[in-house]
Every structure is written in C-alpha cells, then in structure tokens.
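Quick note on labels: first sequence line is chain A, next is B, and so on, each numbered from 1.
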Amino acid sequence: MTSPVTPDLTVRVGTVLLKNPVISASGTFGYGLEFTPFYDISRLGAVIVKGLSLLPTPGNAPGRIVETPAGMLNAIGLQNIGVDRFVTEVAPRLADAGAVCAANIYGRTVEEYEAVARRLSEVPMLAAIELNASCPNVKEGGIAFGSTPEGLSGLTRRVRAATGKPLWVKLSPNVSDIGAIARAAEEAGADAVTLINTIVGMAVDPRTRRPKLSNVTGGLSGPAVKPVALRMVWEACKAVKIPVIGIGGIQSAEDALEFLLVGAAAVQVGTANFRNPNACVEIIDGIRDFLVREKISRLDEYRGTLLL
Amino acid sequence: MTSPVTPDLTVRVGTVLLKNPVISASGTFGYGLEFTPFYDISRLGAVIVKGLSLLPTPGNAPGRIVETPAGMLNAIGLQNIGVDRFVTEVAPRLADAGAVCAANIYGRTVEEYEAVARRLSEVPMLAAIELNASCPNVKEGGIAFGSTPEGLSGLTRRVRAATGKPLWVKLSPNVSDIGAIARAAEEAGADAVTLINTIVGMAVDPRTRRPKLSNVTGGLSGPAVKPVALRMVWEACKAVKIPVIGIGGIQSAEDALEFLLVGAAAVQVGTANFRNPNACVEIIDGIRDFLVREKISRLDEYRGTLLL
Amino acid sequence: MPFRRPRFVHGKILRNTGSGIFYRMEVAIPEPLSFVPGQFAMVSGWPGNDPLLPRPLAIFRSGGTRGKGTVEFVYKVVGRGTALLSGLHGGDPLALTLPLGHGFEFPGEDRSWWLVGGGVGFSTVFPAAAALDAQRSDFEIFLGARTRDQLPPGDWIPGGAIPGRVHLCTDDGTAGFFGSVTAALRERLDRWKPSGKGRLAILACGPREMLKTVAEAALPLDVRVQVSLESHMACGFGVCWGCVTEVREGGKAVYRRVCKEGPVFDAREVVW
Amino acid sequence: MPFRRPRFVHGKILRNTGSGIFYRMEVAIPEPLSFVPGQFAMVSGWPGNDPLLPRPLAIFRSGGTRGKGTVEFVYKVVGRGTALLSGLHGGDPLALTLPLGHGFEFPGEDRSWWLVGGGVGFSTVFPAAAALDAQRSDFEIFLGARTRDQLPPGDWIPGGAIPGRVHLCTDDGTAGFFGSVTAALRERLDRWKPSGKGRLAILACGPREMLKTVAEAALPLDVRVQVSLESHMACGFGVCWGCVTEVREGGKAVYRRVCKEGPVFDAREVVW
Ligand SMILES: Cc1cc2nc3c(=O)[nH]c(=O)nc-3n(C[C@H](O)[C@H](O)[C@H](O)COP(=O)(O)OP(=O)(O)OC[C@H]3O[C@@H](n4cnc5c(N)ncnc54)[C@H](O)[C@@H]3O)c2cc1C
Ligand SMILES: Cc1cc2nc3c(=O)[nH]c(=O)nc-3n(C[C@H](O)[C@H](O)[C@H](O)COP(=O)(O)OP(=O)(O)OC[C@H]3O[C@@H](n4cnc5c(N)ncnc54)[C@H](O)[C@@H]3O)c2cc1C
Ligand SMILES: Cc1cc2nc3c(=O)[nH]c(=O)nc-3n(C[C@H](O)[C@H](O)[C@H](O)COP(=O)(O)O)c2cc1C
Ligand SMILES: Cc1cc2nc3c(=O)[nH]c(=O)nc-3n(C[C@H](O)[C@H](O)[C@H](O)COP(=O)(O)O)c2cc1C
Ligand code: FES
Ligand code: FES
C-alpha cells in the first residue's frame, strides 16, 4: 500500500455525509458566523449552533462562568434569539457561507420541543436537528427528560414524529448507566446520539460564602472531563448500533482520535474554541496528518479499531 | 468579639471526635506509616488506610495510572496486604504513632465485607470503618452494590450488623441521583457517608490503539473532579441528616473550605498527597489561618453557612 | 494593511518588565494591527490547561510594519493568569486573539474629552488619550490609585504628565489630589462651563463602583459618558454568552455581551 | 548532618542549561542531602495542575554545607513535564520530594564494577561511578546512544572519558563502538576472565529491552546484575501502588513498587 497523500476524512452520521468528522459544539460556537473572521466555516464537518428555543430566551443572571482546574463551569441558561430569528436571519447567512449545519434545540415542555423541531423542518439547509435533552442549567432544559431512559424515550418519540430531519439526541452524562440511556434514544427513533453534555458541578467562594454562579450549579466542560466523556462514548458505542458523536474535552487531533478509536462516528469540539478559535480546523489538519503518518488511507479504516 | 488566636478546629463525625476536619483518603496514603518521614501523622484529623480485603490482593497488571488534564486515572485493583496482616503488623504501629485511624474495606461478596468488618471490630484503636461501596476498578469492588439505592442499602445493612464500629459508607459518583444513594446509606444505618470516590474514565493511545490502563477503564481523581464532587457533597448534605465527609480534588485549604461551607462535616485529601506529601498538614494550617483572618473562633460556626 | 478583524495569532514576547505594580509587555505578532482604543485581546501564554481560559487585556499600543507587527499590554498581577504572564520572559511564545470588542466612539460633535482611569483602568483609556493627542484634541486625564506607588509612571501618560491636564488622585494623599478620582472629577465638573465649542465627553475605565459614580455625577449634566466594563470571559469574541451584563435597550433590560457589544457601553444604558 | 530520609522541600533553581539533548539542572535546597546512587527525586516545578503529577528524576549529584544544600539532575526532554522543566530559569522555584527509592547496593564481595547506561540512563549510573571512583574501585562504563550527539559530554563522566575504561557506543557508528551498548557489553563479556579479586557486578539503567538483554547476557555467567527500572509514578514514595512491576519472590510472581522496593532490582528477580 502506498502512503496516500490526502487521506479520505469523510464520515457518515446516519444519512448525513460529512467531509470530515469535526463538528463545532452547540453553545461554544455562537451562530457560526462569529467564526468567519478566523476561517472558512465550510471547512468543518458541520456547525452546530447555540441551543434554540421557541421564543427568545434571556438566560441566567451574570455570574455565568467559572474557571476550574482544566475546565470551566457554565450556567448560561440557554440565552438565544429564538427559532424564528434563527430561521429568518441566521440560517440564510450560514447557507451563504457554505456551512453544513445542524440546529441544537430545547424546550420547556415536550410541546415546545415539537414546535421548534417543526419550525426547523422547513429549513432545507439544515442537515440535522440535535435534541438537547441534557442541559443542566435551566430547570426545563431537558435534563429532567434526559436522566431516565423512560423520560428520554418519550421526548425522543414525540420530536421524532414532529420532524423528518435526521435527529441527533444529545445525552446527559449525569446518569448511572449511559448505555441504557443511549439505547432508549435509539429505540425511540434517534438517528444518532451525541455525548457528553456537561457534568453538573459547583463552585463557591469560601470568603463571601456565596456560590460563584448565579444559578448555584453549572455544567463542567473542557479537558478535565475528557476521560469521563471517552469512557461514556465507548460504552455508548457498545450499547447502540446508531452512530455515536463523541464530545467532551477535545482540544487536539490526538484527543479527537481517541474518541474515533473507541468507535465515535464523528466528534464535536466545544470549550477548546474559546482559547483557540482555530481549534476545529487545527484538529482537522491534525487528524489528516496523523493518517498520513500512519499510512491510513481512509478514516473509516481507523474508526472503532481499539485493541483490547 | 475578640479575634481568637487559635480557632477551635474540632469536628464531630457522628460519635467520632476529630481534632480537625482533615482526613487522609484511602488509597492515597498507603498504610499511613509511609508519611512519618514527612510529618507527625497524629496531627491529622484521621488517617484512612488503603482498602483492605479478607485475603491479600495482588491488584491489576501494570499500566495502573494515567495522568489526565488536572487529574489522573487509576486502576490499582485494590492491591493490599489483607486484613490479617493489617491487624497484626500495621495497626499497632499506627497506634504507636498516635494516629486516629479508620480502615477502608471492600469485599468481593457481602460475606467478605462482613468478615473484614468483623475482624476489624476487634481492633480497639480503629475509630471507624469506611465501607468502600464504590471502587470502579475491580468487578467486585463494591460498585455493583454502590450504584443503586437497593444494592447499597442491602450491603450497608449487613455490614452494619457485623460491626459495632462507627460505619462510614463511601459513595460512588457514577450515579444519576446522589441524594437518593446517600439516603439509602443513611436508612440502612450508616453513621456517615463519604463522597466522592473516583469517576469512571478512560484513556487510549491513538497510535498503539490500546487502552492506557491494563484494566481499560479507571477512576478519575484530582482537581479535575472537584466541581463535580462539591456539587454532589452539597446535594448529599441536603439529602441526609448524618454527617457527610467531603472528598474529591481537594488540594488547598481554600478547596477544603468550599466543602465545609456547603455542609461537609469533614474532608478527605487524596491525590494531593502525591505531588505534595505535606498537603494534609498544609491544609490544616491553611484552614486555621483562614479562620483567624475571618475572625471565626470555631470551625463549626462556619460549616454549612453557604449563602444562597 | 494592518488587520482590523479578529485573528488568532502566535506571538513572541519581546519585553515583559515590571514598573511598580504594573507590568508592560511587548509582543511581536505576524502582522501589524489596527485597533480602536478600548478594544482588547484574549491572551494565553502558559503551557497546560490550568488555567484553561485566556485572559482579556486592553490593547495599550500597536506598531510595526508589513509582516512584522507589535502589540503592547499593561497589566497588574491579581491572580493566577496574570501571575503566570508576569513570569514569562523575552522569547517566550504567547497566543493572542485580537482585536476584540467594541471600543470607544469619537463622534465629531464631542470636542472636550476627559479620560478617567481607576487602578489599572488607565491601560484602557491611555490609548484613547494617545489618539486624541495625535489629532491635537482637547483632553484631560484623571487617574486614581490607592497610593502613589500604584499610579502609572509619568512617562506612560500620553502627552506627558502636564499639570492641569493630568489630575493624579490618591486615596491616601501621597500624590496629587487627596481623595478618590471620582471626588476629583466632581470638583472639576463643578468648575466646568460648557464652552461653545461642543459637548464634553467622558471615557472611563476602572472598578464598577467607580464607573457608576462617574455616570451619576456626569450624566445629569448632559455629558456623554462611555464606560469600559469588565467581566469574566471565556471566549472574548461573542460565542459563549458567559460575559453578559444587563443593559437597557428600548426601555427593556437585556443581557448584552461585554466582549462583543462592549466592553465600552454608553453609561446611560448600563443597569448598575 | 545531611538528610537521608525523604523530605518535601522547596528548592530554587541555580542553573538549568542544555548540553546537546540533555539538560543539567542544579537546585538549591534548604539542607544538604545524602543519597545512595540510584535514588531519585519527585520533581514538580510548574504552576497549575496540568500536568498534575511530579516527575521522577535520578539524583545526579548533591552538595552543600549545613543550612545550604544543592542537588543536581540531568534530564532529557521527552514530553510535557520535561519540556516545562527545560523552560525554567535560574531563580525559579522547584518542589522536590527526595531522596526516594532503593538505590544500588555495593556489597563488599563485588570487586569489579561495570556500569551500563542506555540513553539518559547514564544519569542513574554516573552517581554510582562517582562513588566507585571516589573509593578508587575498579570500574568500567558502557554508554549507548543512537548517535554521537546523544552521548553525554565527556566531562560529565566520573573519572573522565578514559579509553578502555569508558566504552562509548552509537547505533550509527558516529562515535566509539559501532552498535548497541549491549553488543559492546557482550563482546567485553566474551573477553572477560573472572579474576581472583572477586565477582563482577553490573549496574544498568536504560530502556527495559536493553536491561533485559544485559540480564540475559550476564546472568548465565554468574555476574551479579542490578537494574534500575522506570515506571509511571504518581507519588514516588510508596503510597499509591501505581508504579508496580512484576518480580519473583520466593518462587512467586508478585507486584512490587518501583518507587519503593525499586527502582533498583536484582535482575534475577525481575519478570521481564
Ligand atoms: C475587556 C477587558 C480588558 C482588560 N484589560 C486589562 C488590562 O489592560 N490590564 C489589566 O491588568 N487587566 C485588565 N483586565 C482585567 C484582567 O482581565 C483580569 O485582571 C485578569 O483576567 C485576571 O486574571 P487572573 O488569572 O490573574 O486572576 P484570577 O485568578 O482569575 O482572579 C483574581 C481575582 O480577580 C477577579 N477577576 C478575574 N477576572 C476578572 C475580570 N475579568 N473582571 C473582574 N474581576 C476579575 C477574580 O474574581 C478574582 O477575585 C481587563 C478585563 C477586561 C474584561
Ligand atoms: C526512578 C526514575 C528515575 C528517572 N531518572 C531520570 C533522569 O535522571 N533523567 C531523565 O531524563 N529521565 C529520568 N526518568 C524518566 C523521566 O521520569 C521521564 O522521562 C519523565 O517522567 C517524562 O515526563 P514528561 O512529562 O516529559 O513526559 P510525558 O509527556 O509524561 O511522556 C512522554 C513519553 O514518555 C513516556 N513516559 C513518561 N513517563 C515515563 C516513565 N516514568 N517511564 C517510562 N516512560 C515514561 C510516556 O509514556 C510518553 O511516551 C526517570 C524515571 C524513573 C522512574
Ligand atoms: C458556554 C457553554 C454553552 C453551552 N451551551 C450548550 C447548548 O446550548 N446546547 C447544548 O446541547 N450544549 C451546550 N453546551 C455543551 C457543549 O456543547 C458540550 O457538550 C460540552 O461543553 C462538552 O464539550 P467540551 O468539553 O468540548 O466543551 C455548552 C457548553 C458551554 C461550555
Ligand atoms: C491511586 C488511588 C487509589 C485509591 N484507592 C482507594 C481505595 O483503596 N479505597 C477507596 O475507598 N478509595 C480509593 N481511592 C479513591 C480516593 O480515596 C478518593 O475517593 C478519590 O481519589 C477522590 O479524591 P481525590 O481527588 O482527593 O484523590 C483511590 C484513589 C487513588 C487516586
Ligand atoms: S466572553 Fe464569550 S460571549 Fe463574551
Ligand atoms: S509511585 Fe506511588 S507507589 Fe510507587
């Protein structure tokens, strides 16, 4: 076998074909357009925008982020412009930018989830809908649905019926058995599962005696959570047949490769975008370089080949 | 109120009175005696020794630790000398050193747990038994018991009946609802709960395509997990009336104070001992200095005073 | 053409030297940079992921020619990130995202400019003063510090430490006006007579309490006040919504991003 | 009295300079230290928790007088921790736990000593050579490297780079013996005649494969072989059980701590 000059990075997430496995994570990539000064966002496997709700959402009071060792807590509270403004103002511009896009959605009730999904079904440029059943920062952000197989199953079924778009269900890591949760999503009709969302955490100030977040608790993300995320992605890959999109603490091509190795179909990059806005494209380049170095012509030959 | 020169650091964990709230964590402090070159271990609130089993346990094959961002994974597999050698060889020397001691125990079966607890009940110098119902690194290390309220309740009841010693039950963080787990331990007769044990994680080498741990998965500890541990300790404090011993990522007096502020009766220090063998005593001194600075005469006035 | 749109660049430290309680750091960057006073950079210069997040620093100065830019910062050590920065040496690498945020506005009708800096806040207003000095505009500078040693060195002051134009204030009276910079500003406002030449504009940066006091003193006199706010930031370029502050827009209080809609806000809009 | 039992001390870097691919770092510590060749220190000199764990480095040399000790290390940059170390400057703080582990043994009946260092392994065997040199014992040194530039500078070699006594070996033949250090050792063993003066002892440190080959070549000749093993360590002083290696004791294979029962083991006991 001769060493390929340009390895094939395409991956398939169900029916969605991506030019490479690197997807920007919801809530860490704005509406995508903020990144156009840094690079051409059509280079990404896909862009996932900030979680959208039926109506514009103000979000939580300030005191929304706290840095922690190799991680951060956030309690943004899903501030967003609402699905309507997204559809009319943002989606066309993302289409112009040539980006492959998925919309992350949440609702306070099952009906709201359905309504957002329905509204987004009308947008041809959207490749998929990612159901956030796991935001720990708003009471109604799905974590109530996402922490038991039954709750998740019910929600997924309803949203599944409301849209013809490929449906990716984003799972909460705050559970005893991630495999069971992933199976519930699969059985309820998800086309893929995304994991992990943030792990619930907390920080307080010993001197003022107050929580550092206005919301008291927040979601932990960043390199600190990577070992936990990787384990859960591995467990989910063993539990379901649908594609698993791996996320949690990925900062480098090496990190992304760890997730692909345990079986992820694609990866998402979140917190890493903050310190290095070019993180996603550097990871794509790094994966390509790795495959060249290892003389692997197609990423698909590498995925899921963990030796036990 | 005049500023106290030496604040009162004593804390009470059920019937056990400790001279200060800092306890060394099981598995990170050897059998305690290894620390005598560094400082007088009778200065600690208490010493908890490496998890003891009925028979000596060889542990897992090498490839037992991996460093992760601000944390580490371990899969030691509970290598230990067995309860007999501990009782005959180690306990007397710990007593000579003047240390207040608790023994961490585990079994492959409920009967083994009972047998270890019974054997340790004969050792007058032991202040308490800590039931490890949460080791993620051996199949039978308790995690099977510790991940559901029912499992934990059954195990706790049996060990409770087997010993008259104060019983501290150490909880797994790999659960959906830590409050329910803590309540199960309380209802089954635990005198205190300790949390968190390590979070299950994983690391793989993209090049060799192999797991970095011989056991494939391991337990995540260190500063990376602190926000998660603090949140769980806070939730447990709200869920039960028995004392909660807080642990997870504590490296400094400031960290320890965070746990005390959300309601922990005492704290344990684990991974921090590795980089700084003096960590525990530096934390004791730091807590004292804090109380002096803040003009608080008794630690008990500070504990659990989080302002919401 | 110097760049004006945000970029992520790898810089190299040229100088990083302390002067009193402040450090001044000059960094070589691949291209010269054009910025609006009040704009900032997200800086991360340490190996490892702890601290994880970059730190915002106001852009103090920029220079260079095609293919060879420089940018300067002034900072004070207050925590882990700034302590790490202060330990860096010439030759060390530094990662920067810049220029970021919405800086000060200089509309034509404002003809008199007063610049107010509390603590290290001067690092944000001096670039504005330098710009005004360059176009020979009429400006005065108010600088507040706890004590003499915590004032910036005189030769950092754009146009120089000219008495009458530069008002130094110390809480302990060890230099200049004995009292807070806001007290000095109030006195000056009492003596101030609107001239026919145009409106007075105040640009201020410092602790939030100070900014609030400036706004309360000046807004009733119909002075245009722009304040540069601080906030904990994760990204610095508007994608995490972590840094918001409450502002009034069209009669409604909404959360706006300090890093994107700010850091400079019209003081009338800020919900203090 | 220099200390011999493990302590955690805060040191201050005196020198940290590169020589070829190796760095040599001298650190001031509060008291002079007495160590056995083969013992090591756990070193952590960076701010923040990433990397989290200290790194083991063999103690290369120690000195000083009451109230003022020094300790020296030699290291090669192979990853993040050693890269961070190499970026430290004179005056920077360094935390150390030392001396740790079970070092080489020098029983009276062994009279001829051969010291084998592969790669940076010389940092562990040179202190043994220095001790032998000081007591005028009979020793030879075998050093292996991939290429000439990866050998230690000649003036680091205890007793000097005396031909016949010091056998340099390079895989590419750019210096000394053309081939591996183990090949050179085998040749030397072929020529070796047990003298009446006592037994031959080999002390070796280097990659595990090299150590295994040394053991296989020398043990059948009834040579006493001590090997210094490496392992990933969390604590370095025997409390985490993270660093174990398999050894035979009383016919049974058991896991022993490299940091406590080792790093130096009798080669006969090691399960390769
Ligand atoms: C747009 C902008 C421009 C700035 N320009 C400058 C500048 O030119 N020079 C300069 O010295 N500083 C400037 N700052 C402040 C600087 O960003 C903080 O001092 C720095 O981030 C603190 O990092 P640290 O790791 O040293 O402190 P940390 O360890 O993170 O915190 C130390 C203390 O400072 C507080 N703190 C941390 N970050 C902030 C923040 N962003 N706002 C308010 N309090 C904070 C913490 O709560 C804590 O009490 C600016 C901030 C902003 C938002
Ligand atoms: C008792 C002892 C004494 C030592 N003395 C010296 C010395 O004097 N000079 C010197 O240069 N080095 C010495 N080493 C090796 C040194 O500890 C490692 O090179 C160092 O820990 C690597 O840290 P890092 O962060 O740079 O590399 P990492 O980023 O942690 O790892 C880089 C690569 O090295 C491997 N690695 C890391 N640590 C070890 C280890 N302990 N054993 C084997 N492989 C490892 C990793 O798997 C990885 O492939 C010694 C090791 C031991 C156990
Ligand atoms: C500031 C912030 C905002 C986030 N907002 C969302 C969101 O709106 N919807 C969602 O599904 N996940 C959200 N997340 C979770 C991330 O998409 C991701 O699952 C998590 O951060 C772990 O990945 P990382 O470690 O790469 O950041 C958010 C994360 C952060 C840090
Ligand atoms: C190397 C290692 C070994 C451990 N062994 C045990 C054990 O034997 N029994 C137990 O209950 N917990 C064990 N633990 C878990 C710790 O006691 C503690 O719960 C966990 O590490 C979190 O605290 P930390 O972040 O302060 O280390 C071990 C942890 C480590 C790192
Ligand atoms: S810091 Fe991320 S939006 Fe402002
Ligand atoms: S490194 Fe901890 S026991 Fe050896």
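- The contact between A/Leu306 and chain B is made by backbone and side chain atoms together, counting heavy-atom distances below 4.5 Å.
- Residue contact with chain B, scored on non-hydrogen atoms closer than 4.5 Å, involves the side chain of A/Val216 exclusively.
- In this structure, A/Ala185 and A/Val193 approach most closely via the heavy-atom pair CB-CG1, 3.7 Å.
- Heavy atoms of B/Asp205 lying under 4.5 Å from chain A belong exclusively to its backbone.
- For A/Thr305, the parts sitting under 4.5 Å from any heavy atom of chain B are the backbone and the side chain alike.
- With hydrogens and angles disregarded, a donor-acceptor distance shorter than 3.5 Å links the side chain of A/Tyr302 to the backbone of B/Pro206.
- Interface remark: of the candidates A/Pro223, A/Ser176, A/Gly201, A/Ser176 forms the most heavy-atom pairs closer than 4.5 Å to chain B.
- Scanning all heavy atoms of the two residues, the minimum distance from B/Leu220 to A/Ala224 falls at CD2-O, 3.8 Å.
- A salt bridge between A/Glu258 and A/Lys226 is present, with a side-chain N of the basic residue lying under 4.0 Å from a carboxylate O of the acidic one.
- In this structure, A/Arg64 contributes its side chain and A/Ala75 its backbone to no donor-acceptor pair below 3.5 Å.
- Contacts with chain B were tallied for A/Leu261, A/Thr208, A/Val225; A/Leu261 has the most, counting heavy-atom pairs under 4.5 Å.
- Salt bridge annotation for B/Arg183-B/Glu187: absent, with no cationic side-chain nitrogen under 4.0 angstrom from a carboxylate oxygen.
- Paired with A/Pro173 under the rule side-chain contact (heavy atoms from CB on, under 4.5 Å), one option of A/Ile199, A/Ile181, A/Thr198 passes, and it is A/Ile199.
- Between chain A and the residues B/Leu260, B/Val228, B/Val233, the most heavy-atom pairs under 4.5 angstrom are made by B/Val228.
- Chain B forms the most heavy-atom pairs under 4.5 Å with one residue out of A/Ala229, A/Gly222, A/Pro211, and that residue is A/Pro211.
- Only the side chain of B/Val262 comes within less than 4.5 Å of a heavy atom in chain A; its backbone stays farther off.
- Both the backbone and the side chain of A/Leu230 come within contact range of chain B, with heavy atoms under 4.5 Å apart.
- Atom CD of B/Glu254 sits in a sparse spot, with 12 or fewer heavy atoms from other residues, nucleotides or ligands closer than 6.0 Å.
- For the set A/Val175, A/Val66, A/Leu257, the count of heavy-atom pairs under 4.5 angstrom toward chain B peaks at A/Val175.
- In this structure, the portion of A/Phe290 lying under 4.5 Å from any heavy atom of chain B is its side chain and not its backbone.
- Both the backbone and the side chain of B/Arg207 come within less than 4.5 Å of a heavy atom of chain A.
- A distance-only check finds no donor-acceptor pair linking the side chain of B/Asn276 to the backbone of B/Asn273 [under 3.5 Å].
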